[in-house]
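Atoms within each ligand, like the ligands themselves, are counted from 1 in listed order.
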Amino acid sequence: MPYRAPVSEFAFLMDHVVGMDRVAATEKFAEATPDTVQAVLTEAGKMAEEVLAPLNRTGDLQPARLENGVVRTSPGFADGYRAIAEGGYVAISADPEYGGLGLPMSVTTAVNEMIASACLSLQLNPLMTQGQIEALENHASDEIKELYLPKLVSGEWCGTMNLTEPQAGSDVGALRSRAEPKGDGTYAVSGQKIYISWGDNDFTENVVHLVLARLPDGGPGTKGISLFLVPRNLPNADGSAGVGNSLKVVSLEHKLGLHGSPTAVMQYDGATGWLVGEPHQGMAAMFTMMNNARLGVGVQGVGIAEAAYQHALNYALERKQGRVPTDEGFGTILDHADVRRMLTGMKAEVFAARALTLDLAVSIDLAHATGDADMTARAAFLTPICKAYGTDTGIAVADMGIQVHGGMGFVEETGAAQYLRDVRVTAIYEGTNGIQAMDLVGRKMMDGGAAAKALLAEIAATASASDIGGALTDAVAALGEATDMLTGMEMNDRFAGSVPYLRAFALALGGHYHLKAAMAEPGGVRAKLAESFLLRQLPELHSLLAQVRLGAEDLYALRDDDFAA
Ligand SMILES: Cc1cc2nc3c(=O)[nH]c(=O)nc-3n(C[C@H](O)[C@H](O)[C@H](O)COP(=O)(O)OP(=O)(O)OC[C@H]3O[C@@H](n4cnc5c(N)ncnc54)[C@H](O)[C@@H]3O)c2cc1C
């Protein structure tokens with residue numbers, strides 16, 4: 001079945017669940033009226049359906065490859081990229097001073113989801129550029145901004161992020177790449193970076209790498225790291241892409257999925273780079289890009305979940321198997337209780353995860369537009385939840401999609417398996433979901449749980465306003481107790497319960513979004529879906545919190561030797 005962009009679902013969520021009207025009411029985003037947003041989403045949806053979705057299978061079957069040091073992308077990807085760039089979708093939220101549309105992140109979020117559903121491998125390219133644009137807008141010198149931002153915003157050039165090295169994965173502070181001042185305001189950047197998404201391509205004039213490296217006086221750990229802009233081609237005086245820089249793609253990885261996205265080992269040999277931000281403050285600048293990407297990667301998960309759901313539903317509406325239990329059914333496997341359980345659960349989780357991405361995007365927009373500290377804290381707290389729950393949902397729904405297909409899900413020709421292979425990495429890159437959960441219970445709770453409690457109060461208010469909110473009220477009470485307990489625990493005890501705590505929080509948020517939808521549409525499809533979520537998904541929260549209360553002790557009951565015994 002061809003992908004259908006859920007444009008009306010975005011409109012419903014924006015109007016009734018995440019309060020997009022608050023964004024349009026700010027001076028900064030006054031142009032984001034419902035009509036404008038609807039027009040942008042409709043056009044983007046059409047492009048995703050007609051231009052990008054047909055490329056998804058091609059990218060899987062004909063991966064990007066390295067030929068004599070040159071990356072050759074999958075057939076059709078250049079045209080797909082051009083459609084994204086010419087439509088202005090790389091830079092919906094970029095500053096209009098540099099050619100961006102200046103629309104809210106919430107609009108970018110909806111557009112990114114549709115592009116990710118259609119072709120995740122290709123979507124990763126503009127996602128990286130979006131993060132780079134935000135990092136440069138916030139941290140680069142005026143000269144860099146004037147030269148690079150218009151090219152990145154238009155999509156003529158694209159951006160990458162270079163953190164990972166063989167010995168420095170989750171532990172970025174272990175990186176060894178170096179940068180030596182050349183005495184003319186530039187730096188010679190050297191080192192090897194691995195797993196660099198879209199490290200090169202054959203359809204943009206230039207590729208701009210943001211590279212973390214250490215200056216000669218940079219101390220150990222994350223505090224000694226600086227950020228450098230290192231273009232593949234050094235710009236000429238007129239701003240065009242000039243001669244090649246001293247860097248190359250050494251190889252491309254062979255991966256489980258996401259075949260259309262070239263994942264590169266990059267070698268920098270004294271490549272000319274420019275410092276972005278202050279010396280030794282590279283992590284702060286890179287965090288702008290990473291936070292942007294964490295929302296973006298959560299959205300990738302939702303995009304694949306939506307596509308996998310649509311695919312599985314279509315199959316279930318066609319496949320006949322077994323005796324149909326009711327006279328009035330479809331006469332297909334969708335009549336079977338277990339298949340309905342799977343598809344209802346998939347639909348309910350997609351709704352919750354999508355609402356979470358838009359809620360976070362709205363918080364980011366309001367924080368930018370108003371500078372409100374509480375909104376900034378709300379966005380910071382939601383970011384790791386969104387990244388992990390969005391991607392976990394992508395994986396769980398794609399997995400369930402295979403199950404709905406039966407054997408046809410396991411053979412490649414239906415495409416159901418590709419969704420799972422492609423989305424699997426989203427729980428790993430941009431900070432593994434384990435690292436996200438540790439961020440949530442560590443850094444994001446340094447306020448003693450204040451941001452968590454503020455969100456729980458919002459959820460409690462929704463629960464008490466609804467006739468069917470009893471289970472959510474109980475969930476909030478349990479989560480509040482667990483939050484108090486966590487903030488009093490030793491850090492390793494917190495970490496032991498961090499993944500279950502993050503998921504429990506996401507489920508409570510899911511209940512909150514579902515109830516808001518149910519109250520906006522009493523008796524409708526969304527109200528039925530909300531009841532199902534509360535009955536079938538939300539109760540998992542209590543078993544998750546039981547794990548949170550355990551702390552770490554039992555996890556160390558097996559001694560190191562015992563694992564191999
Ligand atoms: C397809 C792909 C694309 C990528 N794109 C990019 C890119 O564009 N740019 C870039 O810089 N990087 C990129 N990465 C790298 C990615 O961000 C890392 O793989 C990721 O951060 C994890 O690092 P690692 O692979 O070294 O795993 P490790 O850090 O070795 O982690 C292994 C396991 O240990 C856990 N772990 C590690 N440390 C801790 C800890 N302190 N506490 C608890 N658990 C811990 C992890 O959660 C994980 O389960 C990409 C990776 C892939 C596979």
Side-chain angles (χ1 to χ4, degrees), residues 59-60 63-64 71 120-132 135 158-177 191-201 207-213 221-222 225 227-228 230 249 251-266 268 282-283 285-287 289-294 296-297 300-301 304 384 387-388 391-392 395 421-443 491-500 502 552 555-556:
D60 192 45
V71 170
L120 190 70
S121 287
L122 180 56
Q123 189 261 347
L124 185 54
N125 180 311
L127 182 65
M128 294 289 99
T129 306
Q130 286 167 3
Q132 183 169 117
C158 69
T160 72
M161 67 196 271
N162 289 235
L163 290 83
T164 310
E165 298 179 10
Q167 78 296 343
S170 301
D171 184 8
V172 180
L175 67 79
R176 294 188 192 133
S177 291
Q192 190 177 85
K193 295 286 178 180
I194 62 169
Y195 299 143
I196 304 310
S197 295
W198 283 98
D200 202 358
N201 71 72
V207 180
V208 183
H209 303 288
L210 277 187
V211 182
L212 285 179
T222 48
I225 295 174
L227 182 64
F228 298 89
V230 186
V249 174
S251 61
L252 297 183
E253 304 294 352
H254 296 277
K255 311 192 293 292
L256 175 70
L258 214 64
H259 294 157
S261 165
T263 307
V265 175
M266 302 291 306
Y268 296 88
M283 284 310 288
M286 195 52 124
F287 255 109
M289 183 159 182
M290 281 156 65
N291 278 331
N292 180 307
R294 282 174 181 180
V297 172
Q300 291 190 320
I304 292 299
K387 195 277 177 179
T391 58
D392 284 346
I395 293 166
R421 290 189 290 98
D422 283 355
V423 79
R424 186 63 188 84
V425 72
T426 61
I428 296 169
Y429 62 29
E430 209 32 67
T432 64
N433 285 2
I435 298 290
Q436 301 299 323
M438 289 163 65
D439 176 47
L440 182 71
V441 302
R443 198 143 25 123
M491 205 45 97
N492 208 38
D493 288 318
R494 285 196 205 188
F495 288 160
S498 60
V499 167
L502 183 150
L555 298 176
Y556 291 87

#### Entry: Qualifying residue for side chain to side chain donor-acceptor pair (under 3.5 Å) with T263, from H254, K255, E253
K255

Test of proximity, [X] against ligand 1: N or O pairs below 3.5 Å:
{"X": "N162", "result": "no"}
{"X": "Y195", "result": "yes"}
{"X": "T164", "result": "yes"}
{"X": "K255", "result": "no"}
{"X": "L163", "result": "yes"}

### Message
Test of understanding: given a 4.0 Å heavy-atom threshold, classify the contact between K193 and ligand 1 as side chain, backbone, both, or neither.
### Response
neither

### Message
Applying a heavy-atom cut-off of 4.0 Å, say which part of E430 lies close to ligand 1: side chain, backbone, both or neither.
### Response
backbone

### Query
Checking side-chain contact (heavy atoms from CB on, under 4.5 Å) for the pair T160/L210: CA distance, chi angles, key distance, verdict?
CA-CA 6 Å; T160 72; L210 277 187; 6.0 Å; no

Would you call [X] a ligand 1 contact, heavy-atom distance under 4.0 Å?
{"X": "L258", "result": "no"}
{"X": "T160", "result": "no"}
{"X": "S197", "result": "yes"}

Give me the nearest non-hydrogen protein atom to [atom] as residue plus atom name, then the distance to 0.1 Å.
{"atom": "atom 31 (O) of ligand 1", "answer": "S170 OG, 3.8 Å"}
{"atom": "atom 9 (N) of ligand 1", "answer": "M161 O, 2.8 Å"}
{"atom": "atom 44 (N) of ligand 1", "answer": "M438 SD, 4.4 Å"}
{"atom": "atom 26 (O) of ligand 1", "answer": "G169 CA, 3.1 Å"}
{"atom": "atom 45 (C) of ligand 1", "answer": "I435 CD1, 4.1 Å"}
{"atom": "atom 2 (C) of ligand 1", "answer": "Y429 CD2, 3.7 Å"}

Pairwise distance [atom1]([X]) to [atom2]([Y]) - rounded to 0.5 angstrom:
{"X": "N433", "Y": "T391", "atom1": "CG", "atom2": "OG1", "answer": "3.5 Å"}
{"X": "L163", "Y": "Y429", "atom1": "CG", "atom2": "OH", "answer": "14.0 Å"}
{"X": "N162", "Y": "F228", "atom1": "CG", "atom2": "CZ", "answer": "12.5 Å"}
{"X": "E165", "Y": "K193", "atom1": "CD", "atom2": "NZ", "answer": "4.0 Å"}

Checking contacts now, so for [atom], which I'm interested in, is there any protein heavy atom under 4.0 Å?
{"atom": "atom 33 (C) of ligand 1", "value": "no"}
{"atom": "atom 29 (O) of ligand 1", "value": "yes"}
{"atom": "atom 4 (C) of ligand 1", "value": "yes"}
{"atom": "atom 49 (O) of ligand 1", "value": "no"}

Find all atoms of ligand 1 within a distance of less than 4.0 Å from any non-hydrogen atom belonging to [X], and give their numbers and elements.
{"X": "T432", "result": "22 (C), 46 (C), 47 (O)"}
{"X": "V425", "result": "1 (C), 2 (C), 52 (C), 53 (C)"}
{"X": "I428", "result": "20 (C)"}

Check: [Y] and [X] side chains under 4.5 Å, non-hydrogen atoms:
{"X": "V172", "Y": "L212", "value": "yes"}
{"X": "P262", "Y": "W198", "value": "yes"}
{"X": "Q132", "Y": "M161", "value": "no"}
{"X": "Q192", "Y": "I194", "value": "yes"}
{"X": "H209", "Y": "Y268", "value": "yes"}
{"X": "C158", "Y": "V208", "value": "no"}
{"X": "V211", "Y": "L227", "value": "no"}
{"X": "V425", "Y": "L256", "value": "no"}

